[in-house]
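These notes are about the structure you will find just below.
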2 protein chains.
Amino acid sequence: MVRVGLTTERLTQAGAELADEVGFDQVTVSALARRFDVKVASLYSHVRNSHDLKTRIALLALEELADRVAAAVAGRAGKDALAAFADAYRDYARVHPGRYDAARLRLDPETAAASAAVRHSQMTRAILRGYDLTEPDQTHAVRMLGSVFHGYVSLEMAGAFSHTAVPSQESWAWTLDSLDTLLRTWTTT
Amino acid sequence: MVRVGLTTERLTQAGAELADEVGFDQVTVSALARRFDVKVASLYSHVRNSHDLKTRIALLALEELADRVAAAVAGRAGKDALAAFADAYRDYARVHPGRYDAARLRLDPETAAASAAVRHSQMTRAILRGYDLTEPDQTHAVRMLGSVFHGYVSLEMAGAFSHTAVPSQESWAWTLDSLDTLLRTWTTT
DNA sequence: GCATTTGCCTAATACCTTTAGGCAAATTAG
DNA sequence: CTAATTTGCCTAAAGGTATTAGGCAAATGC
């Protein structure tokens with residue numbers, strides 16, 4: 001009976017890898033146990049239940065994503081910052097589709113409030129500093145940007161843009177141009 | 001042994017209702033069997049498997065949504081049409097959250113091609129007739145509109161906009177205004 | 001009224017989730 | 001360095017979902 005050295009962190013990490021390989025909804029306590037070559041029940045000392053595991057993966061993904069966005073945006077402003085933000089977001093989803101889906105998991109309010117989701121909205125607001133919008137326009141813009149980024153990435157992941165000759169990359173660039181133009185227009189209004 | 005009169009259609013319909021009540025991911029063959037007070041195995045004469053059931057619910061939702069959008073858009077043009085389209089979309093998600101999630105199910109290419117998803121993109125293109133864009137801008141715009149609508153609705157459903165004082169309805173109106181302005185700007189470019 | 005089809009059932013297998021309780025390995029104490 | 005304790009993974013068991021195979025009775029067609 002060799003001890004493998006399970007910890008909540010290792011399980012969460014492995015769960016995130018599993019999610020990227022087989023999809024977040026295929027992440028199961030059983031699959032994770034197999035991956036560690038350990039009996040299923042053993043995981044229950046480290047993770048409360050299946051939902052707890054998924055929540056931890058979601059929180060990990062939110063942190064990672066926030067870190068990447070923060071790094072991408074650092075030292076940039078205006079459209080540069082907007083594009084860096086958006087690309088960081090989209091790239092993360094491409095490289096880590098399972099984690100990206102995990103980040104979309106509905107968290108209960110307290111958990112969400114204590115998560116990196118807070119940093120996400122702060123960073124979005126930071127982007128908007130380059131386009132001086134005042135409240136409530138700033139909030140509207142935060143919501144719109146979040147919608148476009150999430151919507152685009154999620155439709156693209158679902159394959160919705162792969163049935164036309166027009167490359168998705170071009171539509172992405174066009175969209176970012178449009179958003180920049182739009183925000184600059186609002187600024188002068 | 002009274003016959004309940006199961007059919008593929010009734011199962012799909014009931015599955016859609018179940019989805020709205022308990023969430024699309026909670027729609028299971030077992031739950032559906034319970035709802036008809038019938039043994040689980042009995043459903044397998046009408047539905048190939050769990051995935052088949054979910055696909056049928058997704059197709060139903062896509063049809064319903066396309067019908068509503070079509071009705072909303074009929075006889076309108078320009079910003080009127082844009083707003084009608086967007087509202088129809090958002091309203092459907094509010095009234096039928098489970099079905100809305102179902103409509104997001106990833107379909108295999110052939111199934112998607114034969115589904116109402118085709119009507120959706122056609123209608124989006126129709127909206128854009130009010131803003132004469134030429135290819136490939138039109139495709140870009142179709143993708144961007146789809147992203148905004150889906151993104152907004154899905155974040156709103158997830159409760160992402162309910163932690164601020166600013167009412168979501170206002171951000172929605174602001175977003176539609178912005179998109180209209182944006183598309184009109186592109187037209188003159 | 002009889003034959004056939006059809007619809008729902010029983011039975012069985014397999015996998016995932018979760019809890020309870022046990023034994024051995026690792027850690028700490030004397 | 002051994003003894004006591006904690007900790008980590010295990011066995012066992014119960015309950016839920018998915019799916020297939022084969023059976024009997026109700027509905028349908030002639």
Side-chain angles (χ1 to χ4, degrees), chain A residues 1-60 98-99 101-102 104-108 111, chain B residues 1-60 98-99 101-102 104-108 111:
Chain A
M1 232 183 274
V2 190
R3 298 196 177 185
V4 194
L6 301 179
T7 62
T8 306
E9 287 65 37
R10 288 188 64 197
L11 288 176
T12 306
Q13 187 67 42
E17 285 160 20
L18 186 59
D20 287 334
E21 291 166 23
V22 303
F24 184 58
D25 46 343
Q26 301 301 313
V27 172
T28 122
V29 183
S30 301
L32 206 50
R34 271 194 295 278
R35 172 166 286 228
F36 280 97
D37 199 30
V38 139
K39 297 296 170 181
V40 189
S42 307
L43 302 207
Y44 283 83
S45 315
H46 305 280
V47 159
R48 236 196 327 281
N49 52 37
S50 184
H51 181 255
D52 179 41
L53 171 64
K54 286 181 179 162
T55 301
R56 287 175 190 280
I57 298 172
L59 294 175
L60 171 70
R99 284 156 148 103
D101 276 345
R104 284 356 297 177
L105 184 68
R106 191 166 192 159
L107 302 173
D108 49 294
T111 310
Chain B
M1 234 183 275
V2 190
R3 299 199 177 185
V4 193
L6 301 179
T7 64
T8 306
E9 288 65 38
R10 288 188 64 198
L11 288 177
T12 306
Q13 186 66 43
E17 285 160 20
L18 186 59
D20 287 334
E21 290 166 23
V22 302
F24 183 57
D25 46 343
Q26 301 300 314
V27 172
T28 126
V29 184
S30 302
L32 206 50
R34 273 194 294 277
R35 173 165 285 228
F36 280 97
D37 200 30
V38 140
K39 297 296 170 181
V40 189
S42 307
L43 302 206
Y44 283 83
S45 316
H46 306 279
V47 160
R48 233 195 331 278
N49 51 36
S50 183
H51 181 256
D52 179 41
L53 170 65
K54 285 180 180 162
T55 300
R56 287 175 191 279
I57 297 172
L59 294 175
L60 171 72
R99 284 156 147 103
D101 276 343
R104 280 6 289 181
L105 183 68
R106 191 166 192 160
L107 303 173
D108 48 294
T111 311

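Here the structure is a predicted model, which means the values were calculated and not measured. Below, chains carry the letters A, B, ... as their sequence lines are ordered, and counting in each starts from 1. We use all heavy atoms of the structure for the numbers below, so side chains are in, but hydrogens, waters and symmetry mates are not.
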Exam field: side chain B:Asp20 to backbone B:Gly98, donor-acceptor pair closer than 3.5 Å: yes
A:Ser45 side chain, from C-beta outward: closest of D:dT19, D:dC9, C:dT10: D:dC9
Would you say A:Ser42 places a side-chain N or O within less than 4.0 Å of OP1 or OP2 belonging to D:dG8? no
Check the pair B:Asp108 / B:Thr111 against side-chain hydrogen bond (donor to acceptor under 3.5 Å, both in side chains), numbers first and verdict last. CA-CA 5 Å; B:Asp108 48 294; B:Thr111 311; 2.9 Å; yes
Among all residues two or more places apart in sequence or in another chain, which pass the side-chain contact (heavy atoms from CB on, under 4.5 Å) test with A:Thr12? A:Thr8, A:Arg56, A:Ile57, A:Leu60
Please report, rounded to the nearest Å, how far the P atom of C:dT18 is from the CG atom of A:Leu32. 13 Å
Could you write out each protein N or O paired with an N or O of nucleotides 13-17 of chain D at a distance under 3.5 Å?
| from | atom 1 | to | atom 2 | distance (Å) |
| --- | --- | --- | --- | --- |
| D:dT17 | OP1 | B:Arg34 | NH2 | 3.2 |
| D:dT17 | OP2 | B:Arg34 | NH1 | 3.3 |

DNA chain C contacts among residues 5-27 of chain B, heavy-atom distance under 4.0 Å: B:Gly5, B:Leu6
Please assess A:His46 against A:Arg10 for the test side chain to side chain contact (heavy atoms under 4.5 Å, CB included), listing each intermediate value before the final yes or no. CA-CA 10 Å; A:His46 305 280; A:Arg10 288 188 64 197; over 6 Å; no
Got more than 12 heavy atoms from elsewhere within 6.0 Å of CG, A:Asp37? no
Pairs under 3.5 angstrom, nitrogen or oxygen only, protein versus nucleotides 1-6 of chain C, please.
| from | atom 1 | to | atom 2 | distance (Å) |
| --- | --- | --- | --- | --- |
| C:dT6 | O2 | B:Arg3 | NH2 | 3.1 |

How far apart are the closest heavy atoms of A:Ala58 and A:Ala102, and which atoms are they? CB-O, 3.2 Å
Please round to the nearest 0.5 Å and tell me the distance separating atom CG of B:Leu18 and atom CD of B:Glu21. 6.0 Å
So, for B:Leu32 and B:Leu11, which heavy atoms are closest and what is the spacing to 0.1 Å? CD2-O, 3.7 Å
Numerically ordered, the residues 47-56 of chain A set in heavy-atom contact under 4.0 Å with DNA chain D is none
From NE2 of A:His46 across to C1' of D:dC9 the rounded distance in Å is 8 Å
What closest approach, in Å, do A:Arg99 and A:Ala19 show between heavy atoms, and which atom pair accounts for it? N-CB, 4.3 Å
Could you state the OH-P distance from B:Tyr44 to D:dG22, rounded to the nearest angstrom? 18 Å
For B:Phe36 and C:dC9, give me the distance from atom CZ to atom P, rounded to whole Å. 12 Å
So what does B:Val4 hit on the nucleic acid, given a heavy-atom distance under 4.0 Å: a base, only sugar-phosphate, or nothing? sugar-phosphate
The side chain of A:Val38 lies closest to which of these nucleotides: C:dT17, C:dA20, D:dC9? D:dC9
Could you go through residues 22-29 of chain B and list every donor-acceptor pair under 3.5 Å that involves a side-chain atom there, pairing it with any protein atom two or more places apart or in another chain?
| from | atom 1 | to | atom 2 | distance (Å) |
| --- | --- | --- | --- | --- |
| B:Thr28 | OG1 | B:Ser30 | N | 2.9 |
| B:Thr28 | OG1 | B:Ala31 | N | 3.3 |

So, for A:Leu43 and A:Ala33, which heavy atoms are closest and what is the spacing to 0.1 Å? CD1-N, 3.8 Å
Kindly check if the number of other-residue, nucleotide or ligand heavy atoms within 6.0 Å of CZ (B:Arg48) is above 12? no
Under 3.5 Å: donor-acceptor pair, side chain of A:Ser42, backbone of A:Val38: no
What is the distance from NZ of B:Lys39 to P of C:dT10, rounded to the nearest Å? 5 Å
